[in-house]
Amino acid sequence: MSINLPSRLLVVLFTVCFKTAASYSNGKVTDACSRMEPNHGQHSSTKPNTYTITVDKSKFGPGDQIKVTLSASESTYFKGFLIEARDAEHPDAGAVGSFTLLNSTVSQLLKCGHAQGSAVSHTSGSKKRQVQVFWIPPDSALLHVQFLVTVVQKYKVYWVKIPGPVVSQAGVSPGPPHPTHATAETTKPAVLLGPFSSEACGIRKSCLRNPVACDPERDPLCFFLSFATEGQSTLFELSGPGNGYIAFALSLDKWMGNDDVYLCVRDGNRVEIDAAYVTGRTHPVPASESVLTETAWRLSDGVIQCRFRRSIHIPQDRSRFGLNGSYYLFMAHGRAEYGMVHRHDRQPLISSVQKVITGPPQNLSGSRSPLLIKFHGVFMLIAWMATVSTGIIVARYFKDDWPDRALFGQRVWFQVHRALMLLAVLLSSVGFILPFIYRGGWSHSAGAHPYLGCTVMALAVIQPLMAVLRPPPDSTRRYIFNWIHMGAGTIAEIIAVIAVFLGIHQQALLLPGPWSTSVLAGFIVWGVVAQLVLEFHSQGLFKSGNGDSEDEIMSASSDISSVGSRFKKVVLAVFVSGNVGLLGALLYSISSV
Ligand SMILES: *[C@@H]1O[C@H](CO)[C@@H](O)[C@H](O)[C@H]1NC(C)=O
Ligand SMILES: *[C@@H]1O[C@H](CO)[C@@H](O)[C@H](O)[C@H]1NC(C)=O
Ligand SMILES: *[C@@H]1O[C@H](CO)[C@@H](O)[C@H](O)[C@H]1NC(C)=O
């Protein structure tokens, strides 16, 4: 007897591609009897399967046999399978009854447990569309039996324990739902076929999105929460990028704690959908009872998606808020290990207003940055990036300008310098307090930023005190003051700039990526260029004239100095305008995070 060519090819393919599976393509899978799990190193597929399991009758009596059909829908097929019958009340107790074959070319009997023929499997890895077998009930008094089937479409794609029909002993009513079937229907979530859509946002459902108005269908980085109330229940959809979990909470305030939380946690190739409750900044406590229905999920391209329905009122569970109330919505995401969630990666997105969940559909907006922290950023940027740098330039290069004019009885440069620096100290002091108010203490997760901030604040307070106590201009010790004042001011400015760079990367005020860093760098370059131009100018590098005769210079010197002064004022004006422009760009970016 010769083996034909296609079979040979198949054998070669199987030994080459599926070496470890080679022994199983013959279907002798008795070690899969109890868990019905092929040893292919994968998880049961999360996609909907295209297989149906049917029986020719739903009742059985002594000596009966039931014809069981496993078939693939059009244009699909399967290579391997394992069919068992289980006691519907005790599905984990092993296979019951026995099978007889209808076609031994495609199917074979296995001995699972003690009973010969208690399971059926494939004989080869050929592509099959349909398999039929007979099942014979056991002698013991079983009331309800369910058929379970594992189907291998190809090596890496398979479905474990697809629940089949339930058959009952004749004379026994189908009765209350038996455990396996109930489990399959209420807690086994369905699989979503595609991403959520933002199309009906503001029309048939309320949506909270980040970035603003993003579309989860097109943008895999879109964090999306929607809810729509129908009758006595609300359907929630949640999706966002991540490998761990995504979650949302209903909260009565903008602080975390005492919130009603809903988590979609990735566990391997599955997603668990749970309600939970958080007290304070602790780990969420899962709800004891499942209150969510119509659960469904999908994992694709690094996006976690889940959907569920819950009743507006759940009186038996005090931790589930009534959806007719008005709440801030929190959206968070983070890492998860073995289905356990870690602290969220980024500051949660918090809706800007409270929303009645059952209220009319609305497009909601939210922010990841608390208002106090935004103001902290605004005050510090105005103080250190705009005010201080201008004050320094005025003191360094404009002492001799406006010689004949006084401002409130003092020289102009001095008044401008003092006013700018006092404004900076004032803004810094207010800005300094805000994070402490927000955190209720030290910001432990902010790294070096608060330490640098405190150093700058200390220097900023010392400077005006030192200035008040400075020796008079003609004192021999005046130069000491001048050096210390300039040194401390320069050090404060440098540390402040580092603190600002660290600040815009804090979770509580995360400005958009390389863009904000470039603007900040532009700020510094701009300041340095202005200072260099003024420095070169003060060294006389820009002065024209070839010094032909001393008289000429003497007569022209007042002209030159007035031209020079005008030049410096233009530089100052250009510097300040650019500075204000860059500041405006950063403030705008703060307002929109
Ligand atoms: C058994 O299945 C094989 C492969 O599908 C088929 O060629 C053969 O005709 C079947 N035999 C019977 C008796 O149905
Ligand atoms: C809400 O968002 C959707 C989708 O982005 C948009 O089509 C709709 O016009 C928005 N509605 C309002 C009132 O802004
Ligand atoms: C929500 O509904 C419950 C029960 O119907 C009611 O007791 C409660 O006052 C309602 N709350 C609001 C804010 O309307």
Side-chain angles (χ1 to χ4, degrees), residues 1 3-4 6-7 10 25-27 51 56 67-72 76-81 83 99-109 120-134 151 195-229 231-234 237 239-240 250-253 258-260 291 310-329 331 349 351-366 592:
M1 282 246 273
I3 308 168
N4 59 19
S7 318
L10 195 73
S25 63
N26 64 17
Y51 306 106
D56 65 344
K67 192 194 249 177
V68 183
T69 307
L70 164 66
S71 47
T76 63
Y77 60 86
F78 53 92
K79 288 180 171 175
F81 64 90
I83 304 175
F99 290 91
T100 54
L101 303 178
L102 271 157
N103 185 339
S104 59
T105 355
V106 292
S107 52
Q108 62 182 324
L109 295 175
V120 189
S121 71
H122 53 282
T123 51
S124 76
S126 66
K127 292 183 179 179
K128 293 167 269 283
R129 305 265 340 265
Q130 195 191 60
V131 170
Q132 290 189 314
V133 288
F134 279 121
V151 179
F196 297 133
S197 165
S198 64
E199 227 166 72
C201 284
I203 303 157
R204 284 188 304 279
K205 59 190 182 188
S206 292
C207 300
L208 175 62
R209 288 171 283 175
N210 178 241
V212 177
C214 64
D215 182 355
E217 258 181 317
R218 273 178 237 122
D219 181 3
L221 298 178
C222 182
F223 288 96
F224 176 86
L225 168 67
S226 84
F227 44 93
T229 302
Q232 286 310 301
S233 67
T234 302
E237 296 173 330
S239 87
L250 307 177
S251 181
L252 289 165
D253 49 39
N258 304 328
D259 302 329
D260 181 6
V291 289
R310 64 151 273 198
S311 303
I312 295 174
H313 301 289
I314 303 182
Q316 74 271 24
D317 188 345
R318 288 290 199 75
S319 309
R320 305 279 80 76
F321 295 174
L323 298 180
N324 60 340
S326 183
Y327 307 102
Y328 286 108
L329 290 155
M331 222 192 314
L349 181 81
S351 64
S352 43
V353 292
Q354 279 179 294
K355 168 78 183 150
V356 178
I357 306 301
T358 54
Q362 239 181 314
N363 285 341
L364 300 165
S365 62
S592 50

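Both counts, for ligands and for their atoms, begin at 1 and track the order of listing. Source: prediction; values computed, not measured. Residue numbers start at 1 and run along the sequence shown.
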| task | Determine yes or no for a side-chain-to-main-chain donor-acceptor pair under 3.5 angstrom, with Asp260 supplying the side chain and Leu250 the backbone. | result | no

| message | Show the atoms of ligand 2 that are less than 4.0 angstrom away from any heavy atom in Ser198. | response | 4 (C)

| Side chain Tyr327, main chain Asp253, donor-acceptor under 3.5 Å | no

| Under the 3.5 angstrom rule, does the side chain of Thr234 hit a backbone N or O of Thr229 as a donor-acceptor pair? | no

| remark: Looking only at protein heavy atoms, what sits closest to atom 11 (N) of ligand 3 is Asn324 ND2, 3.0 Å

| query | Less than 4.0 Å between atom 2 (O) of ligand 1 and some protein heavy atom, yes or no? | reply | yes

| Among Asn103, Thr105, Leu101, whose heavy atom sits nearest atom 12 (C) of ligand 1? | Asn103

| said: For the 3.5 Å polar cut-off, considering only N or O atoms, please tell me whether Arg209 and ligand 2 meet it. | reply: yes

| said: Looking at Glu199, is its backbone amide N or carbonyl O close enough to the side chain of Glu217 to form a donor-acceptor pair, meaning the two atoms are under 3.5 Å apart? | reply: no

| field | Residue, atom name and distance, where the atom is the protein heavy atom closest to atom 4 (C) of ligand 1 | value | Val106 CG1, 3.8 Å

| message | I want to check something: taking the side chain as every heavy atom from C-beta on, are His122 and Val131 in contact at a cut-off of under 4.5 Å? | response | no

| request: Keeping the roles fixed (side chain from Lys128, backbone from Lys79), state whether a donor-acceptor pair exists under 3.5 Å. | output: yes

| query | Are any of the N or O atoms of Glu199 closer than 3.5 Å to those of ligand 2? | reply | no

| query | Is there a side-chain contact between Glu237 and Ser226 (heavy atoms, below 4.5 Å)? | reply | yes

| task | Please check atom 7 (O) of ligand 3 for a protein heavy-atom neighbour under 4.0 Å. | result | no

| Which atoms of ligand 2 have any heavy atom of Asn363 under 4.0 Å away? | 1 (C), 2 (O), 3 (C), 8 (C), 10 (C), 11 (N), 12 (C), 14 (O)

